[in-house]
Amino acid sequence: NYDANATNSEALLRWLIDKRYTESTSTLLTADFIMQGSMGMLAGGDAAWAFGYERRDYNLETKTPALPGPTAANAMTNIHNGSLYPCDIPRNNATKAGRDACASNPVGLFMFLAPTFESDQDQTVDSLFAEFALPITDEFDMQIALRYEDYGTVDSVDPKVVMRWSPTDDITLRFTGQTTFRAPHPDEVWDKRYTQLSFVNQTGAFKAVDITGNPNLDPEEATTYNVGIITDFGTDNWTATVDYYNFEFDNPIIFENHQQLADAYAKGGASRAAIVSQIYGPENVNNGTFDADEIGRIKSNFVNGPQTDTDGVDIFVKYEDAYADGIMAVGVEAAYVIDYSVAAYSIDGVQVAGAYECAGFFNINNTCRSMPDLKAKAFLNYTTDEHNLYGAVNYISSYQDRRGSGMLGRVVEIAPHTTVDATYTYSWDDFNMSFSVYNLTDELPPFAYWEMSYDPNTHSPLGRFIKVGFTYNMQ
């Protein structure tokens with residue numbers, strides 16, 4: 001029953017839609033100075049040293065210019081400025097007293113489309129390092145390094161040791177151990193917010209999650225090591241490496257998972273009391289008087305999260321030999337996550353979220369990414385003077401969706417996924433032309449109980465796609 005006489009005018013439509021304009025500029029200036037030299041002879045060769053200094057100046061600036069809107073009746077383009085328009089009711093933004101009243105929860109005029117706050121943030125890092133290369137014998141060498149970093153408010157000294165030992169001609173063992181240090185990024189300590197939309201189980205809908213900086217963050221620290229073996233099995237054809245890694249993170253800098261906060265609120269009691277100021281309900285109240293299915297917004301703070309430990313194994317095996325007029329290579333590589341465990345998270349001594357394992361799980365409702373425990377690839381490559389043919393079979397293991405396990409009363413798994421890729425390259429003189437087909441058999445991503453029925457953090461929805469490339473070498 002469309003009636004053209006009742007159509008809204010173009011002027012009205014333009015007036016209904018305001019423009020938001022933001023300018024963001026980031027700059028990084030790096031200066032370094034390095035000295036190096038020889039320390040004399042050891043049994044395995046010349047020992048060497050290096051000393052250096054590095055300075056990094058980082059600046060991040062955000063502005064909301066006050067430019068004219070689409071029409072004379074529209075607001076200026078800084079209508080999303082969270083300092084000028086923090087209130088959801090327009091008339092409350094007209095006075096300083098009104099703006100101050102909204103400052104503790106500045107949702108802005110556009111609800112889901114969160115306000116933007118102007119900023120001009122700087123971070124300067126000064127670093128000193130020393131490194132020594134020590135060929136102790138022909139079979140054993142090591143490197144020792146020490147790095148000092150000063151962020152102005154915090155600093156750190158981190159050592160690193162690398163050792164390599166070849167007990168036989170066909171076996172090499174290697175070890176790396178070090179500590180690392182990461183100070184908070186300016187965005188992580190700035191006491192303003194940015195907002196994303198996230199699904200909240202208790203409401204059955206997407207809600208605004210305000211991720212807010214924390215000026216009291218401590219640096220993140222980690223102790224890491226890996227042990228590996230390299231071998232050619234005493235031949236010219238084989239290459240194999242196996243590496244085991246282990247990382248221990250203390251005070252990891254994360255932002256709180258919104259679903260863990262909502263679950264704590266729904267649990268009630270001490271858990272609700274610990275996070276009640278971060279959960280907003282009808283009319284933006286945050287006094288804990290409303291039910292969990294009435295949650296409207298969640299404030300998620302950057303925090304020093306619980307201790308996180310992970311370890312795993314990386315494997316690479318390749319066999320290569322002459323075939324016909326070219327070289328044939330076949331191999332496999334795999335990455336297996338043995339463990340990725342996160343300790344319980346507490347606020348003021350009250351547990352908000354229990355400890356959990358991430359490896360082998362979808363991890364939608366916690367701070368981890370989706371994490372199938374095994375990813376592998378088998379490949380075949382044949383090369384001649386002019387032709388190169390490459391094929392690969394990619395495999396991602398199944399992993400469990402804990403949400404489905406609870407709601408349906410049974411284990412819900414996201415199925416394993418296998419795809420095939422192929423590339424042909426023809427080379428002549430300084431030219432290369434390639435033709436690639438990815439996901440040759442046009443496999444769909446496995447089903448997941450999520451927005452688009454698949455896991456976008458792990459799988460691609462594109463199906464089969466083709467790529468044609470052309471390269472000219474100007475050297």
Side-chain angles (χ1 to χ4, degrees), residues 80-117 187-217 254-306 344-354 364-367 403 406-407:
H80 62 304
N81 184 311
S83 298
L84 300 177
Y85 303 95
C87 305
D88 56 349
I89 299 176
R91 65 175 179 270
N92 293 341
N93 293 310
T95 64
K96 184 178 184 303
R99 294 191 294 272
D100 289 346
C102 300
S104 62
N105 184 31
V107 299
L109 292 169
F110 300 99
M111 297 304 289
F112 277 166
L113 299 177
T116 298
F117 294 89
D187 280 344
E188 295 168 340
V189 296
W190 191 39
D191 63 350
K192 302 299 181 183
R193 62 170 65 171
Y194 70 90
T195 301
Q196 65 183 27
L197 304 182
S198 298
F199 188 84
V200 178
N201 292 345
Q202 286 79 2
T203 66
F206 284 84
K207 299 295 179 179
V209 177
D210 301 317
I211 300 174
T212 307
N214 178 1
N216 299 315
L217 286 176
I254 62 172
F255 58 84
E256 297 166 304
N257 180 263
H258 72 281
Q259 189 58 57
Q260 290 180 337
L261 296 175
D263 290 345
Y265 185 87
K267 186 176 181 180
S271 297
R272 175 177 289 197
I275 50 88
V276 66
S277 64
Q278 297 174 240
I279 308 295
Y280 294 83
E283 299 183 5
N284 278 321
V285 300
N286 63 337
N287 54 16
T289 58
F290 50 91
D291 294 333
D293 60 4
E294 298 179 285
I295 291 175
R297 302 183 78 92
I298 298 175
K299 180 184 178 184
S300 169
N301 296 316
F302 276 101
V303 296
N304 288 113
Y345 174 54
S346 299
I347 297 178
D348 295 331
V350 178
Q351 181 172 301
V352 172
I364 284 298
N365 291 341
N366 57 47
T367 58
R403 300 167 312 140
M407 292 184 292

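- For the pair K96 and D100, the salt-bridge criterion is met [side-chain N within less than 4.0 Å of a carboxylate O].
- Side-chain N or O atoms of S346 include none that pairs as donor or acceptor with a backbone N or O of G349 at under 3.5 Å.
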Problem set entry | Stepwise side-chain hydrogen bond (donor to acceptor under 3.5 Å, both in side chains) check, D263 with Q202 | CA-CA 8 Å; D263 290 345; Q202 286 79 2; 2.7 Å; yes

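- Distance CD1/I364 to CG/N201: 10.0 Å, rounded to 0.5 Å.
- Among residues two or more places apart in sequence or in another chain, the ring pair (Phe, Tyr, Trp, His ring centres under 6.0 Å) test is passed with F255 by F302.
- Under the ring pair (Phe, Tyr, Trp, His ring centres under 6.0 Å) criterion, F199 pairs with F206, not counting sequence neighbours.
- Cation-pi geometry between R272 and Y265 is met: the NZ or CZ atom falls under 6.0 Å from the ring centre, inside 45° of the normal.
- When side chains are defined from C-beta on, F290 does not count as touching D293, because their heavy atoms never get closer than 4.5 Å.
- Taking NE2 of H258 as the reference point, atom CD1 of I295 lies at 9.5 Å (rounded to 0.5 Å).
- Listed by chain and residue number, E256 satisfy the side-chain hydrogen bond (donor to acceptor under 3.5 Å, both in side chains) test with Q278 (two or more places apart in sequence, or in another chain).
- Residues that satisfy the side-chain hydrogen bond (donor to acceptor under 3.5 Å, both in side chains) test with Q351, not counting sequence neighbours, are absent from this structure.
- Among residues two or more places apart in sequence or in another chain, the side-chain hydrogen bond (donor to acceptor under 3.5 Å, both in side chains) test is passed with S300 by none.
- Annotation for P115 and G82: closest pair CB-CA, 3.5 Å, computed over non-hydrogen atoms.
- T195 places none of its side-chain heavy atoms less than 4.5 Å from the side chain of I211.
- Minimum interatomic distance between A270 and V350 (heavy atoms only, all atoms of both residues): O-CG1, 3.5 Å.
- The salt bridge (charged side-chain N to carboxylate O under 4.0 Å, His left out) analysis of residues 191-208, with sequence neighbours excluded, yields the pairs R193-D210.
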